[in-house]
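Comments concern the structure below.
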Amino acid sequence: MAAPLTVFLDANVLYPAALRDLFMRLALQGLFRAKWSNQVHEEWMEAVQRDFPNITRTQLERTRDLMNLNAVDSLVSGFEQQIESIKLPDPDDRHVLAAAITGNASRIITSNLKDFPAAALQPYGIKAQHPDDFIIQLMDTNME
């Protein structure tokens, strides 16, 4: 059996609670290795607080901490020095690619595919994939 893919999850995948829960469940089943960074955690947590002010920072931090605890070796750090050298359509997304590179991810799972063009990712051996397509592929692969 081949080793599971290592994928970096963008904030827009972790923002919706149902999608975050699904990805966590699939990762905990060993179907792929999940990676993220503290910067990605901050992005999705700030967005949730902005859109749902009744959810407290403490609740979100508990979710983040449980994610980090249960998805082994998921938290990527030490990528910050690479950010400036990365070229992407949206400079605010460079940290995602830098962390994916450092985390040895082969995919960035994101809803913002236009911000991660294939030509920009190809030198790093990384592909961007929409979460829906990734889940379908994962199910197809694991139902054979």
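Applying the side chain to side chain contact (heavy atoms under 4.5 Å, CB included) rule to Asp65 yields no partners; only residues at least two apart in sequence or on another chain are considered. Every residue meeting the side chain to side chain contact (heavy atoms under 4.5 Å, CB included) condition with Gln59, not counting sequence neighbours, appears here in chain and number order: Ile55, Thr56. For Pro117, the side chain to side chain contact (heavy atoms under 4.5 Å, CB included) partners two or more places apart in sequence, or in a different chain, are Leu88, Pro89, Ala120.
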Could you please spell out the steps behind the side chain to side chain contact (heavy atoms under 4.5 Å, CB included) verdict for Met139 and Leu26?
CA-CA 10 Å; Met139 294 303 154; Leu26 295 171; 3.5 Å; yes
Going through the checks in order, is the side chain to side chain contact (heavy atoms under 4.5 Å, CB included) test met by Phe8 and Leu97?
CA-CA 9 Å; Phe8 191 88; Leu97 179 53; over 6 Å; no
Might you work through the side chain to side chain contact (heavy atoms under 4.5 Å, CB included) test for Asn68 and Arg64, ending with a clear yes or no?
CA-CA 6 Å; Asn68 290 343; Arg64 176 202 62 204; 4.0 Å; yes
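To the nearest 0.5 Å, atoms CZ (Arg94) and CG (Asp115) are separated by 13.0 Å. Here Arg62 contributes atom CZ and Thr58 contributes atom OG1; the two are 11.5 Å apart, rounded to the nearest 0.5 Å. From Glu61, atom CD reaches atom CE of Met45 across 5.5 Å, with rounding to the nearest 0.5 Å. With values rounded to the nearest 0.5 angstrom, Glu46 atom CD is found 10.5 Å from Leu60 atom CG. Rounding to the nearest 0.5 Å places CZ of Phe32 at 9.5 Å from CG of Leu5.
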Compile the donor-acceptor pairs under 3.5 Å between side chains in residues 70-78 and protein atoms, sequence neighbours left out, one pair per line.
residue	atom	partner	partner atom	Å
Asn70	ND2	Leu66	O	2.8
Asp73	OD2	Lys35	NZ	3.3
Ser74	OG	Ala71	O	2.8

Sequence neighbours left out, cut at 3.5 Å: what donor-acceptor pairs do the side chains of residues 100-112 make with other protein atoms?
residue	atom	partner	partner atom	Å
Thr102	OG1	Gln82	NE2	3.2
Thr102	OG1	Ala98	O	3.1
Ser106	OG	Thr6	O	3.4
Arg107	NH1	Gln129	OE1	2.8
Arg107	NH1	Gln137	OE1	3.4
Thr110	OG1	Asp10	OD2	2.8
Thr110	OG1	Asn12	ND2	3.1
Thr110	OG1	Asn112	N	3.0

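Of all heavy-atom pairs spanning Trp44 and Met67, the tightest one is CZ2-SD, 4.0 Å.
Salt bridge annotation for Glu43-Arg50: absent, with no cationic side-chain nitrogen under 4.0 angstrom from a carboxylate oxygen.
A continuous path of Ile, Leu, Val, Met, Phe, Trp and Tyr side chains, each step under 4.5 Å between heavy atoms, connects Leu28 with Phe134, placing both in one hydrophobic cluster. Cluster annotation: Phe52 is connected to Leu14 through the hydrophobic network of ILVMFWY side chains, with a link wherever side-chain heavy atoms come within less than 4.5 Å. When hydrophobic clusters are built by joining Ile, Leu, Val, Met, Phe, Trp and Tyr residues whose side-chain heavy atoms come closer than 4.5 Å, directly or via intermediates, Leu22 is grouped together with Val40.
For residues 12-27, every residue pair satisfying the salt bridge (charged side-chain N to carboxylate O under 4.0 Å, His left out) rule, not counting sequence neighbours, is listed here: Asp21-Arg25.
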